[in-house]
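First up is the structure itself, then whatever we jot down about it.
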Amino acid sequence: MILLTGCAGFIGSNFIHTWLAGGNEGVINLDKLTYAGNMDNLTGLQGDSRHQFIRGDIGDRELVTRLLEQYRPRAVINFAAESHVDRSILGPGDFIQTNIVGTFHLLDAVRGYWSQLPDDVTASPSRQNFRFLHVSTDEVYGTLTATDPAFAETNPYLPNSPYAASKAASDHLVRAWHHTYGLPILTTNCSNNYGPYQFPEKLIPLVILNALGGKPLPIYGDGQQVRDWLHVEDHCHAIMRVLESGRVGETYNIGGWNEMPNIEVVKTICGILDGLRPRVDGHRYVEQITYVKDRPGHDRRYAIDARKIQKELNWKPKETFESGIRKTVQWYLDNPEWVAGVTSGAYRQWVVRHYGGQE
Ligand code: NAD
Ligand code: TYD
């Protein structure tokens, strides 16, 4: 059994699908179901005894302790976070609360559980084979110029947005819980993900859905900001590899070797849509592109040097950007019900009816 947090969100839900499809053991999924958590991401798992969903907060130490004692997981993977840079600029409070304070409570509850595990390499779980894997981002390293080398694990932390700063703080806590208390941790810092089940506030799903809805495709600033795109399934496989074979206490950078300026990403999506679902008026989707005011403090370039994980753990991405983005556009076209659900207010009412809390 493993305990996962935040797996009603984009990457976590993809992780559960990948994990269970690989024939692995059951999971407990602790998720607060914020606006970004969506039970529709987990369709197909209703009634599957390998997936147990618990609505709750990683900062609820009593709940986390109870779950750890009840299920005795051999590992915890922390996906839960507030994850959108624009929201962190408008309201950083939730980011401080979940990403920093929440991670602290989770870590400390896990430390209490781990410290009482048997000191016996043959037991499972034991103090030796237990793992706490913290899922983080390349944004903790700050921004690069066009000629800087890509981020390596040894780069200094220089976060620029409230989101990046809160994730950087959580990474530091995780590191300290290893160095001070000996908790067997692993940290992954990944580049921008794309793929199925991504909430349409992030660039790629936003552009696909706005294009289909006849809405503007907003490009911040000059559109020349560079991101390193990784298909979410590649990220999930990398996390699995780190969990099973990563060296305790280490950080692994994960990236797609796919640097691309935002404007090119958007034009690529437009071109794919022109082929798969041409506009009825005969116009092209690029005509919907609209340049808008830039994001404050917008990082210019991210790029990941993923040689450590490739060399030590023999992981590299399977998808190129061309193959991954085509599959992704097709997925959003093939799943209109998911799209309708994620964009409707009825979803919040459903969450409250089933799991309590506030809309
Ligand atoms: P997401 O916003 O889609 O999902 C976050 C999930 O966490 C949601 O289901 C939400 O309900 C849950 N959550 C939020 N606060 C919680 C709390 N206090 N307790 C329990 N659950 C809570 O995010 P994502 O894109 O899936 O990202 C997952 C992780 O990966 C995050 O830690 C993020 O920083 C990291 N990451 C994301 C990307 C990316 O491109 N999306 C890249 C690198 C790293
Ligand atoms: P985003 O998906 O928000 O991820 P992040 O900020 O974590 O990299 O944004 C990806 C890039 O796209 C980023 O440089 C900001 C830019 N962007 C736009 O130009 N327009 C948009 O509407 C959004 C959401 C993002």
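Both counts, for ligands and for their atoms, begin at 1 and track the order of listing.
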In ligand 1, which numbered atoms sit nearer than 4.0 Å to a non-hydrogen atom of [X]?
| X | value |
| --- | --- |
| Leu33 | 11 (O) |
| Ala80 | 7 (O), 20 (C), 21 (N), 22 (C) |
| Gly56 | 19 (N), 20 (C) |
| Ala36 | 2 (O), 8 (C) |
| Ser83 | 1 (P), 2 (O), 23 (O) |

Who gets closest to [atom] by heavy atom: [options]?
| atom | options | result |
| --- | --- | --- |
| atom 33 (C) of ligand 1 | Tyr194, Trp229, Phe79, Tyr163 | Tyr163 |
| atom 21 (C) of ligand 2 | Trp229, Tyr220, Tyr163, Tyr302 | Tyr220 |
| atom 16 (C) of ligand 2 | Ile219, Asp222, Asn262 | Asn262 |
| atom 5 (P) of ligand 2 | Glu139, Gln224, Arg301 | Glu139 |
| atom 38 (C) of ligand 1 | Thr5, Ile11, Asp31 | Ile11 |
| atom 13 (C) of ligand 2 | His298, Gln225, Arg300 | His298 |

Is it the case that Ser136 and Asp171 place a side-chain donor and acceptor less than 3.5 Å from each other?
-> yes

Any side-chain donor-acceptor pair under 3.5 Å between Gln128 and Asp119?
->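 Yes - a donor-acceptor pair under 3.5 Å links their side chains.
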
Please indicate whether any nitrogen or oxygen in Leu203 is less than 3.5 Å from any nitrogen or oxygen in ligand 2.
-> yes

Do ligand 2 and Val85 have nitrogen or oxygen atoms that lie under 3.5 Å from each other?
->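 It does not: no N or O of Val85 is found under 3.5 Å from an N or O of ligand 2.
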
What are the atoms of ligand 2, with element, lying closer than 4.0 Å to any heavy atom of His84?
->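 Every atom of ligand 2 under 4.0 Å from some heavy atom of His84: 3 (O).
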
Numbered atoms of ligand 2 (with element) below 4.0 Å of Lys202, judged on heavy atoms =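 Selected atoms, number and element: 2 (O).
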
Nearest protein heavy-atom contact for [atom]: which residue, which atom, what distance?
| atom | answer |
| --- | --- |
| atom 20 (N) of ligand 2 | Pro218 O, 2.8 Å |
| atom 4 (O) of ligand 2 | Asn192 ND2, 3.3 Å |
| atom 44 (C) of ligand 1 | Ser136 O, 3.1 Å |
| atom 6 (O) of ligand 2 | Arg295 NH1, 2.6 Å |
| atom 24 (C) of ligand 2 | Glu201 O, 3.2 Å |

Counting only nitrogen or oxygen atoms and a 3.5 angstrom limit, does [X] reach ligand 1?
| X | result |
| --- | --- |
| Asn193 | yes |
| Thr137 | no |
| Thr98 | yes |
| Cys190 | no |
| Thr34 | yes |

Heavy atom of [X], distance to ligand 1 below 4.0 Å:
| X | result |
| --- | --- |
| Cys7 | no |
| Ser13 | no |
| Ala8 | yes |
| Gly102 | no |

Using heavy atoms and a threshold below 4.0 Å, how should the contact between Leu206 and ligand 2 be classified: side chain, backbone, both, or neither?
->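 It is the side chain that gets close, since no backbone atom is under 4.0 Å.
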
How are the rings of Phe95 and Tyr163 set relative to one another: parallel (under 30°), tilted (30 to 60°) or perpendicular (over 60°)?
-> perpendicular

What part of His84 sits under 4.0 Å from ligand 1 if we count only heavy atoms: the side chain, the backbone, both or neither?
-> neither

Joint cluster assignment, Trp257 & Ile254, ILVMFWY side-chain distance < 4.5 Å =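 The answer is no; the residues belong to distinct hydrophobic clusters.
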
